[in-house]
**Student:** 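Have a look at the structure that comes next, please.
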Number of protein chains: 2
Amino acid sequence: MLAMHSAAESKARRTNEANSKEETEAPFGLGVVLRLKPNETLFSEGDAAASFYQIKEGVIRSFRMMIDGRRQIISFSQPGDYLGLEWEGDRAMTAEAIIDTAVVSYPRRHLEGRATADVRVQNRMMAVLFGGLHNAQEHLVMLGRQTAMEKLGWFLVRLARSSRMNNGALALPMNRTDIADYLGLSMETVSRGFSLLTREGYIALPDAHQVCIRNFKRLDALARGEVPTAH
Amino acid sequence: MLAMHSAAESKARRTNEANSKEETEAPFGLGVVLRLKPNETLFSEGDAAASFYQIKEGVIRSFRMMIDGRRQIISFSQPGDYLGLEWEGDRAMTAEAIIDTAVVSYPRRHLEGRATADVRVQNRMMAVLFGGLHNAQEHLVMLGRQTAMEKLGWFLVRLARSSRMNNGALALPMNRTDIADYLGLSMETVSRGFSLLTREGYIALPDAHQVCIRNFKRLDALARGEVPTAH
DNA sequence: CGGAACATTGATGTAAATCAAAAATTGTGG
DNA sequence: CCACAATTTTTGATTTACATCAATGTTCCG
């Protein structure tokens, strides 16, 4: 796994593409682009954390796993998102590509030196950390206190807010098991839930990896727990 | 609620006690001490975030609540812990004292100016944020993927690690409902769980607000999901 | 001392997990 | 490009862990 990572890193070329699009989005200087195939590992729980990343393209799932294989997905990272920031020591989770993915990799030390000096780098970093904390808090409420149907509503609302639509449909690159492990459900419950949401007119599923949101307001109400009769 | 907070703040006096104990623990300069009675509110969801805090004494519960009253406790903050750091805008959660509590309050603006300048303040802040993120991740796994008994084991192990023992017993200042809302359970399940842990020799409960851990290793194994037959 | 709040224990219900096929989709080598 | 295997998704039947409902017991505090 570490080997795979190293291989990917050595194949990559130096680039400044990260800076070319928007200045405020990439204040971390030059980085190395890594490309990952579906299910390839970016880093694993226990690895030493030598780099952090920004997603350029694709989607990454980050998760922790228990000894018996139970898995909790912590986040799905999308283009623009930062990933793999660690204070010190080893990785606390594993990150894998869900589809073909490109990330820009920055050496951690590169950041440490600059963060001290550059206010803009510092602010960017703070914003990323606070954002992560905020996300985690919402995730906690969902996992701890929402019903299966509310969880699905929450997931779809979040997805709709964070990703761009393709002629009326949202891409659903992760499979049902990924969604289940993100929401603290079984994949059968996810599948049944999607079917029910479809029957009730909340959404439509052109295929398993595509959703159209038919009634966003109602879905959002469901996600907030305002729909008592959501079997 | 905001009024109550203001009242508490105005009663408080200027102090430097925060600095007197350990220098590295309080790099944020002078602060104002606030004292809270059980169930008093430090700040509420929706308030403007003007300050952040460090607990001196006591315990604070921070939570988010859904419209229909379902509550998820995000953290129990203990002496030394920081609380109420927000990037900008309004509070995302409510913080209440569980027992008599003293906190040192720092104006947020006070931090912003210094963080830019002082590397040590910056590092302290990063450490707090990364620590919060790490805690939240463990909390997510627990909520999403552990059984009721494992959750209780996890809670007790965490408590044991974060608080000092009083002649063989840990203080359990929060009530069963607080514990339930922290672990994503009902308070009956918490109560039954404690009874079972007692019967099985993991712990002893001298009274409802006191735990003795009888077999830490076994409790830790339970918390990690390594005890398959934990009804 | 008496009442309110909290904790325990018991009986019952139910949401979601698990077990089990069938159906659909995806990938692969001829 | 098709056939066939593998994987993923859907749907159905059944079980179960935990919630809810309901007393009863206990502690706390004015």
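The model shown is predicted, which means the values in this text are computed figures rather than measured ones.
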**Student:** Mind running a 4.0 Å heavy-atom check of residues 168-179 of chain B against DNA chain C and sending the residues that fall below it, in number order?
**Tutor:**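 The answer is Asn175(B), Arg176(B).
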**Student:** Rounded to whole Å, please give me the gap between CG in Asn39(A) and C1' in dG27(C).
**Tutor:**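 My rounded result for the distance is 13 Å.
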**Student:** Could you tell me if the side chain of Arg61(B) sits less than 4.5 Å from the side chain of Glu96(B), heavy atoms only?
**Tutor:**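 The answer is yes, as the side chains (C-beta and beyond) meet within the 4.5 Å cut-off.
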**Student:** Just the rounded figure in Å: distance from C1' of dA24(C) to CZ of Phe194(A).
**Tutor:**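 Spelled out: CZ on Phe194(A) to C1' on dA24(C) is 17 Å.
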**Student:** Taking atom P of dA17(D) as reference, at what distance in whole Å does atom CG of Leu152(B) sit?
**Tutor:**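 Result: 15 Å.
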**Student:** Using a cut-off of 4.0 Å on non-hydrogen atoms, how would the nucleic acid contact of Ser195(A) be classed: base, sugar-phosphate, or nothing?
**Tutor:**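 Sugar-phosphate only.
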**Student:** Whether the Thr189(A) and Ser186(A) side chains hold a donor-acceptor pair (N or O, under 3.5 Å, no angle test) is what I'd like checked.
**Tutor:**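 Side-chain D/A pair, Thr189(A) to Ser186(A): present.
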**Student:** Is there a side-chain contact between Met142(B) and Gln137(B) (heavy atoms, below 4.5 Å)?
**Tutor:**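 Contact flag for Met142(B)/Gln137(B) side chains = no.
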**Student:** Whole angstrom is fine here: how far is it from CD in Glu150(B) over to C1' in dC18(D)?
**Tutor:**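 The distance from CD of Glu150(B) to C1' of dC18(D) comes to 14 Å, rounded to the nearest Å.
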**Student:** Which parts of nucleotides 19-30 of chain D does protein reach within less than 4.0 Å, heavy atoms only, written one letter per nucleotide 5' to 3' as B for base, S for sugar-phosphate only and - for none?
**Tutor:** SBB---------
**Student:** Whole angstrom is fine here: how far is it from CG in Leu183(B) over to C1' in dC18(D)?
**Tutor:**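 Taking CG of Leu183(B) and C1' of dC18(D), I get 14 Å after rounding.
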**Student:** For Met149(B) and dT16(D), what is the distance between atoms CE and C1' respectively, to the nearest whole Å?
**Tutor:**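 Value for this atom pair: 16 Å.
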**Student:** State, to 0.1 Å, how close Phe194(A) and Ile203(A) come at their nearest heavy-atom pair, and which atoms those are.
**Tutor:**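 Taking Phe194(A) first and Ile203(A) second, the nearest heavy atoms are O-CD1, 3.9 Å.
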**Student:** Which pairs, with at least one residue in residues 161-173 of chain A and sequence neighbours excluded, count as a salt bridge (charged side-chain N to carboxylate O under 4.0 Å, His left out)?
**Tutor:**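 Pairs touching residues 161-173 of chain A that pass the test: Arg161(A)-Asp220(A).
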**Student:** Could you tell me whether the phosphate oxygens of dA15(C), OP1 or OP2, come under 4.0 Å of any side-chain nitrogen or oxygen in Thr147(A)?
**Tutor:**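 Result: no.
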**Student:** Taking all heavy atoms of Ile99(A) and all of Pro173(A), pick out the closest pair and write down the distance.
**Tutor:**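 Taking every non-hydrogen atom into account, CG2-CB, 3.9 Å.
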**Student:** Which heavy-atom pair separates Gly184(B) from Leu143(B) by the least distance, and what is that distance?
**Tutor:**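 Gly184(B) and Leu143(B) have their closest heavy atoms at N-CD2, 3.7 Å.
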**Student:** Looking just at side-chain N and O atoms, do Tyr182(A) and Arg71(A) make a donor-acceptor pair shorter than 3.5 Å?
**Tutor:**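 Looking only at side-chain atoms, Arg71(A) and Tyr182(A) do not form any donor-acceptor pair under 3.5 Å.
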**Student:** Find the distance Leu205(A):CG to dA23(C):P and express it as a whole number of Å.
**Tutor:**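 Computing the Leu205(A):CG to dA23(C):P distance gives 20 Å.
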**Student:** Find out whether the Lys NZ or Arg CZ of Arg214(B) is both under 6.0 angstrom from the six-membered ring centre of Tyr202(B) and within 45° of the ring's axis.
**Tutor:**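 The answer is no, since Arg214(B) fails at least one limit relative to Tyr202(B).
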**Student:** Calculate the interatomic distance between Gln210(A) atom CD and dA24(C) atom C1'; express it in whole Å.
**Tutor:**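 Spelled out: CD on Gln210(A) to C1' on dA24(C) is 16 Å.
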